[in-house]
Amino acid sequence: MADLHNPPEPEGPARREQGMRRVSTATRWTLAAAAAGSAALGLTYVNLAPGASGAPAPAPGTPTACTQRPAAPAGAVPSTTPPRGDREHEGDGEDDGERAVPAAAPAPGTAAPQTTVTCTPLTPPAQAPATTQQAPQTRTGAS
Amino acid sequence: VNRRHVHGAATSFPALGTTATLLTTDRQVLTEAERILKDELAAIDRACSRFRPDSELSRANATAGTATTVGRLFAQAIEVALRAAALTGGAVDPTVGRAVIALGYDRTFTSLRPQDATPLPTARPATGWQTIDWCPESRRLLLPPGTALDLGATAKALAADRAARRIAEATGSGVLVNLGGDLATAGHAPGGWAVGLADDHAATAPGPVVTVTSGAMATSGTGVRAWRRGGRPVHHIVDPATGRSTETFWRTVTVAADTCVDANTATTAAIVLGDDATAWLERTGLPARLVGLDGTVTRLGGWPEDQSGGPR
């Protein structure tokens with residue numbers, strides 16, 4: 001009785017022809033996958049590389065929000081003085097008497113604290129200056 | 001043309017090596033406003049003065065290479081300075097301290113020798129603001145060894161902003177705080193404040209006058225805080241890229257902004273950027289008035305035409 005779910009394999013030249021088609025298809029898929037993978041890796045590298053960006057770099061001073069992560073200075077000597085707790089600076093609402101005090105040195109083997117400067121753009125006034133014929137109440141000038 | 005301006009109370013006194021002027025719309029609050037201003041000035045001096053050995057700035061500079069935890073006000077001053085550096089592409093850099101000192105500006109300007117025969121040392125570029133290790137959450141500061149901060153470009157403006165805000169909140173009055181030409185306003189001032197424009201904030205000669213209804217204004221120039229060192233003219237605005245006084249391209253730059261810190265950041269950057277300043281300022285959208293060495297005036301960002309005010 002014939003097996004309806006597993007038709008008999010072609011034989012001879014037909015079987016060889018089918019094998020060649022399978023190899024060709026597999027080769028094309030492999031090449032396509034390799035090309036796509038290379039492109040993805042390249043884009044990832046461009047975006048992760050220091051100082052590089054996938055987008056055009058803004059001109060210096062362009063007023064956009066920015067986050068800077070300065071590098072830790074070379075040759076810095078960690079302090080060995082015990083830390084001063086943040087609590088000492090909280091709650092009084094006054095800055096009087098606060099002074100620079102040595103901070104905790106990073107523990108051996110740990111990374112230095114990440115430095116972050118978040119900045120908002122330079123902002124124009126709500127209203128630009130207007131001309132007036134009044135006498136000045138005060139003056140702006142270099143000092 | 002604005003023909004109305006505020007009538008209120010005013011007082012002036014020496015502060016931070018310059019003159020502090022305080023205007024309020026409400027005459028009754030002047031005494032309290034002056035107390036707040038002096039309190040703010042004293043705090044900023046304790047935190048940011050280069051000329052006080054006990055200031056936080058002096059201590060941080062003296063211990064460069066060692067991590068320190070700083071107070072809140074000094075932390076805010078550092079944040080402001082680093083933001084200015086980031087927004088100006090490093091044209092306004094707080095690590096110019098050594099360069100400024102090398103130029104001879106190592107004491108208050110009034111005690112500076114106007115004709116210093118000592119030769120200028122070899123100029124070195126600023127260490128660079130990116131080398132500062134700063135954590136805003138813990139207020140932990142680590143300067144590279146040999147680095148000295150100078151917050152002169154932003155600390156005075158920060159004081160003006162803080163004082164104006166505090167006074168308006170405490171008194172409900174409209175207020176203008178002017179620290180040597182760096183001025184900040186807060187509260188409501190019907191008609192605005194009439195502000196004269198000059199190369200030198202202490203000038204008394206007639207000049208253009210504008211009305212400031214909100215925000216702040218600052219002016220930078222190379223004609224003041226200038227002296228001679230080794231036979232060469234030098235001034236206090238240092239190009240971080242060279243460590244020397246900036247080449248003089250503009251006589252005066254005045255900028256209006258939402259805050260005095262923003263205004264002073266822009267004016268200082270413009271002096272450093274020289275010929276490139278107009279393109280940079282146009283991108284910021286800030287109203288600006290730049291006076292060239294020949295007196296030619298360039299107006300940007302909606303700055304109005306010059307109109308001289310009446311007698312003071």
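Atom set for the values below is all heavy atoms of this structure, side chains included, hydrogens, waters and symmetry mates excluded. To find a chain, count down the sequence lines: A is the first, B the second, and so on, and within it residues start at 1.
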Taken in chain and number order and not counting sequence neighbours, the residues that satisfy side-chain hydrogen bond (donor to acceptor under 3.5 Å, both in side chains) with B:Thr219 are A:Thr140, B:Thr254
Sorted by chain and residue number, the side-chain hydrogen bond (donor to acceptor under 3.5 Å, both in side chains) partners of A:Gln127 (sequence neighbours excluded) come out as B:Thr213
Rounding to 0.5 Å, atoms CD (A:Gln137) and CG (B:Leu183) come to a distance of 11.0 Å
Is [X] close to chain A through its backbone or its side chain, or both, or neither, when contacts mean heavy atoms under 4.5 Å?
| X | value |
| --- | --- |
| B:Ala256 | both |
| B:Leu273 | neither |
| B:Thr63 | neither |
| B:Ala218 | backbone |

Taking B:Asn178 for its side chain and A:Arg139 for its backbone only, find out whether a donor-acceptor pair lies under 3.5 Å. yes
If you compare all heavy atoms of [X] against all heavy atoms of [Y], which two are closest, and at what distance to 0.1 Å?
| X | Y | value |
| --- | --- | --- |
| A:Thr131 | B:Pro304 | CG2-CB, 3.3 Å |
| B:Ala194 | A:Gln134 | CB-CB, 4.1 Å |
| B:Gly302 | A:Ala128 | O-CB, 4.1 Å |
| A:Pro125 | B:Pro287 | CD-CD, 3.7 Å |

Are B:Leu23 and A:Thr138 packed together at the side-chain level, in the sense that at least one heavy-atom pair is separated by less than 4.5 angstrom? yes
* Going through the checks in order, is the side chain to side chain contact (heavy atoms under 4.5 Å, CB included) test met by B:Arg83 and A:Leu122? -> CA-CA 10 Å; B:Arg83 171 178 173 265; A:Leu122 297 173; 4.2 Å; yes
